[in-house]
Amino acid sequence: MNDTDEDAADAMFHALADRTRRDIVRRVLAGEHSVSALAENYDMSFAAVQKHVAVLERAGLLTKRRQGREQLASGDVAAVRAVSGMLAELEQIWRGRIGRIDDLIALDPQQEE
């Protein structure tokens, strides 16, 4: 991965590190919602929800469009798949490491004593 990809990954994982933002992503992946409708689900100000939506938008996890006076948010399935792909890649690295540790343990002569 190049620096731009790493920056994008940092932004995605930062955005997903917050419980409210993860919930917003789940909601907008299920269907388009106005930001005001999203805000009704949380015990925080509309401005706070707007900030969460902005973080998700900068990370590329959702997109917004205007319809009249409303801002409508939609989840970006491709971005979520990219996060999933990154996690799968990390999982494979760790599975390989654990496999090598298991092999080393199996070769340990002290185990036979």
Side-chain angles (χ1 to χ4, degrees):
M1 286 176 63
N2 62 34
D3 284 347
T4 303
D5 291 339
E6 290 290 345
D7 290 344
D10 288 347
M12 285 183 183
F13 286 112
H14 167 74
L16 292 170
D18 181 87
R19 179 180 302 190
T20 300
R21 290 194 290 264
R22 287 191 305 273
D23 189 62
I24 291 170
V25 168
R26 281 191 285 274
R27 290 176 188 280
V28 297
L29 284 172
E32 188 174 60
H33 292 279
S34 70
V35 176
S36 57
L38 287 170
E40 292 172 2
N41 295 296
Y42 306 104
D43 188 25
M44 62 181 71
S45 69
F46 177 75
V49 173
Q50 280 183 307
K51 288 180 183 180
H52 283 301
V53 168
V55 169
L56 292 166
E57 186 177 27
R58 280 192 303 274
L61 294 165
L62 66 75
T63 57
K64 284 190 319 194
R65 69 180 182 89
R66 280 210 169 273
Q67 182 174 342
R69 294 180 355 157
E70 288 190 311
Q71 294 180 41
L72 300 174
S74 300
D76 187 331
V77 175
V80 173
R81 285 188 181 134
V83 171
S84 176
M86 285 182 240
L87 291 173
E89 188 179 309
L90 291 172
E91 179 185 10
Q92 290 302 340
I93 291 168
W94 279 104
R95 285 186 184 275
R97 289 179 180 177
I98 291 168
R100 287 192 296 278
I101 290 170
D102 288 344
D103 292 344
L104 289 171
I105 291 171
L107 294 173
D108 187 2
Q110 292 179 4
Q111 262 190 337
E112 296 173 12
E113 294 177 5

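Computation of the quantities below employed the complete heavy-atom set of this structure, encompassing side-chain atoms and omitting hydrogens, waters and symmetry-equivalent molecules. On a predicted model such as this, the values are computed, not experimentally measured, just so you know.
Atom-to-atom distance recorded for R19:CZ and Y42:OH is 12.0 Å, nearest 0.5 angstrom. Here R66 contributes atom CZ and S34 contributes atom OG; the two are 11.5 Å apart, rounded to the nearest 0.5 Å. Atom CD of E32 and atom CD of Q67 lie 7.0 Å apart (nearest 0.5 Å). To the nearest 0.5 Å, the span separating CE on M12 from CG on D76 amounts to 7.5 Å. The CD1 atom of I105 sits 10.5 Å away from atom CD1 of I98, with the distance rounded to the nearest 0.5 Å. One distance of note links CD1 of I93 with CZ of R95; it measures 13.0 Å at 0.5 Å rounding.
At least one side-chain heavy atom of T20 sits under 4.5 Å from a side-chain heavy atom of M44.
Closest approach of A39 to V49, counting heavy atoms only: CA-CG2, 3.8 Å. Across all their heavy atoms, A79 and G60 have their closest contact at CB-O, 3.1 Å. When all heavy atoms of A11 and A59 are compared, the closest pair comes out as O-CB, 3.5 Å. Closest heavy-atom contact between V53 and K64: CG1-CD, 3.6 Å.
Between D23 and R27 there is a salt bridge, with a side-chain nitrogen of the basic residue lying less than 4.0 Å from a carboxylate oxygen of the acidic one.
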Step-by-step side-chain contact (heavy atoms from CB on, under 4.5 Å) determination, F46 to L38 | CA-CA 9 Å; F46 177 75; L38 287 170; over 6 Å; no
Decide yes or no on side-chain contact (heavy atoms from CB on, under 4.5 Å) for S74 and V28, but give the supporting numbers first.
-> CA-CA 5 Å; S74 300; V28 297; 5.6 Å; no
Would you check, one step at a time, whether the test side-chain contact (heavy atoms from CB on, under 4.5 Å) holds for T63 with E57?
-> CA-CA 6 Å; T63 57; E57 186 177 27; 5.7 Å; no
Might you work through the side-chain contact (heavy atoms from CB on, under 4.5 Å) test for S36 and E70, ending with a clear yes or no?
-> CA-CA 8 Å; S36 57; E70 288 190 311; 4.0 Å; yes
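Of the residues listed (L56, V80, L29), the one engaging L62 in a side-chain contact (heavy atoms from CB on, under 4.5 Å) is L56, and it is the only one.
Note on V83: it clusters hydrophobically with I24, by side-chain heavy-atom contacts below 4.5 Å among ILVMFWY residues. Both F13 and V77 are part of a single hydrophobic cluster, where members link through side-chain heavy atoms under 4.5 Å apart.
Side chain of R21 to main chain of H52: no donor-acceptor pair is present (N/O by atom type, distance under 3.5 Å, no hydrogens or angles).
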